[in-house]
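For reference, the structure discussed in these notes is given below.
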Amino acid sequence: MTSNHTGWSVIGGSALGGRHVSSGAPNQDAWVTETLLHSGKEHVVMAVADGHGGPRYVRSDVGSKLAVAVAVEVVRDALGKGRLDGPTRKVDRELAALPSQLVDSWSTRCLAHLADNPFTGEEGAKAGASLHDDPLLSYGSTLLIGILSPNRCHLLQLGDGDSLVAVANGTVVQPLPADDRLTGSETTSLCLPNADRDFRMATVEQPSPTLVLLSTDGYGVAFADTGWRQTVTTDLLHQLRTRGLERVAESLPTWLEESARVGGDDATVALAYRPKARARPKVPSESRVAQMIAVTTIALLVGAIGGWIAADALADPVVTTTTFAASTTSIDATSTSSELTTTSAGPETTSTQGGDVGSGGGVAEVGPRAGIIGGDGVAVEFYADPADPAASIADASFVSGDSSSAFAWGSFWSIDEGDLVRDGESAEIVFEPEFVLVGVEFENDLLWLLSEDAEWLIAYRRDSLCLVFPIHSHDGGQADDPDVDPDLTRPACSFPGSDNK
Amino acid sequence: MAQRPLHFFVLADCSGSMAADGKMQALNNAMRETIPHLVDVADANPHAMVLVRVLSFSTGARWHVGTPTPIETFQWADLKAEGYTDLGAALDLLGGELSSPPMEERALPPAIVLVSDGMPTDDYRAAYNALLDEAWGARSVRLAVGIGRDADREMLNGFVSSEELGAVTANNPEQLAHMIRWASVHASRAASTATALPAFGPAPIDPTQELEITW
């Protein structure tokens, strides 16, 4: 486990797959985490890699170790040159250059390893094919990288596995675009010709991540639940909050061994946790508002992949995706064959989610302002969907300041450590007392605020204060969550002039 | 947590010609004999759950066993022969099951064994191409067993997912049992253990049986 004063702590582990236990094969996964200092600021880099399992990939255990080592080296170099400093749009451009460096460095390191350790006859017999025609195939591996900078989280992924992010309110996000080629045992890989163009990349800026999970596919395939990304990440977050990181670190080997035994493949996880998200500015300017809702995804992926959001079932924050043309080459990671499947390169495309977030992979451009509610240091702005000038306030996005931020598409949102659950005409707020919480009743143009000391629930209508509710006790929180003050209770609310009772 | 599903499909030709010379009954017997061997494959791969389905095709196609059934509880119910050889209809049905969903993201590559004694009577090529357009169809492990001299070799060879291997042929009941067992075991083993299909078909079982040509 590593920790640093950026607030991130990283744990991880790897378990030998059940299939490898019986066959005597080594663990072909690798993981690493390192804290890098740049300009007085700490950055965390974490990486996992999954060496291919087929007989052809006789050195994939070495390939995966070299992959995670190269990840740290390339990120260190980028930080040292200041390439990850500056505005999001600039950093995203710099990030787009990392895959080619990663692939080049990995290839160089593999070939150097080969020069020192020529293929043996035993390896040739095991592969059942010539190893010398394309020696890098023998080292084939995936690579997943998380770069946790003070104000951003960058994800880079080549091949299968999962990169998951949870934000402070518990929402689980899968920021990277899906890759339809990752079906069955097939995966994109560092050992393929177009590896640099097959990387998928994302920058998550706000809401501020509290948990970043990188895992090889051996971890996920053991879960029968198709919604495991949501349930496992939510459970991990709950365990981290209730039991603490050290206890979770103690349990992690057992969890990984169970995945490896049931699923049969090596199972590896690197997990970064930051209990408290970064504070936000008191009153955001319009440009800052735009930044707050920008979660930028750059996908160096396959224009042909139309379905770009990986997990529709997950609650996604605003995501901007910029997709660049790339070839679509995949490999069967478990096959003895090195046959490649190649389809036509796609055109450059840009996709967005949420309607009012601009394209281009940088700061989002929000639509025309539809209304303002403010008072007592709280600034809230509603934005209509620019693509639909007739959109009502109920369709608007929503941003607030005052140490809180919110995102809403449609009529629901939740925020920071709190969780808002709507139930017909009433609403229930479950919260942690040190955070200001904000809720919205779009139908009634109502805004709910919770004072920072958690003693007052406030309802605003446009430009005017509606009601202030004192809070005396609580019955809506999670009973086993020690961060929730048990003396707080969900108030019964009614709003004059509205239909809510 | 749970084992990864390995979907095993049998595509059985139930055309009228299968009624001749005891071919249908030989197929039923062969499948019944194959089940214990598939159980062995499953036992050797504790991370895989082998789930069986059976498609029969004659005039049209239908699910003989449509529910994915764990091999440990699977029981073979006899097929009956009548009608044409509408392989394309069977491939259409199969293709629908190899979409994602219903295929699980965590599934192992599916294993498919095709058994046929004749020429398809519908446009199976379009259906076959559509099957391969499905991500799971393209990644499936496919083997084929031809029965007798009238089997469509070109079609069967084209179906097999290993170009170097091709389809195998059975000319009498003993060979059919041998070939179906071989194809079933190797297709499911290759799918579940990430090993390649063998480069060659099964070794002869008995020189005297090799010479005996019933079909």
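What you see is a predicted model, and the numbers here were worked out from it, not measured in a lab. Chain identifiers are assigned alphabetically (A, B, ...) following the order of the sequence lines, protein sequences preceding nucleic acid strands; residue numbering begins at 1 within each chain. Any value given below was found using the heavy atoms of this structure, including those in side chains, with hydrogens, waters and symmetry copies removed.
- How far CZ of A/F223 is from CD of B/E105: 12.5 Å, rounded to the nearest 0.5 Å.
- Atom NE2 of B/H47 is separated from atom OG of A/S22 by 8.0 Å, given to the nearest 0.5 angstrom.
- Within a 6.0 Å sphere centred on CZ of B/R153, heavy atoms belonging to other residues, nucleotides or ligands number more than 12.
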Kindly indicate, with the supporting measurements, whether the criterion side chain to side chain contact (heavy atoms under 4.5 Å, CB included) is fulfilled by A/T183 and B/R139. CA-CA 8 Å; A/T183 302; B/R139 287 153 179 80; 3.5 Å; yes
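- Between the side chain of B/R4 and the main chain of A/V221, no donor-acceptor pair closer than 3.5 Å is present.
- Counted within 6.0 Å of CZ on B/F74, heavy atoms from surrounding residues, nucleotides or ligands total more than 12; the atom is thus considered enclosed.
- The CZ atom of B/R106 sits 12.5 Å away from atom CG of A/D265, with the distance rounded to the nearest 0.5 Å.
- Across B/M1 and A/S259, no two heavy atoms sit closer than the pair CE-OG, 3.2 Å.
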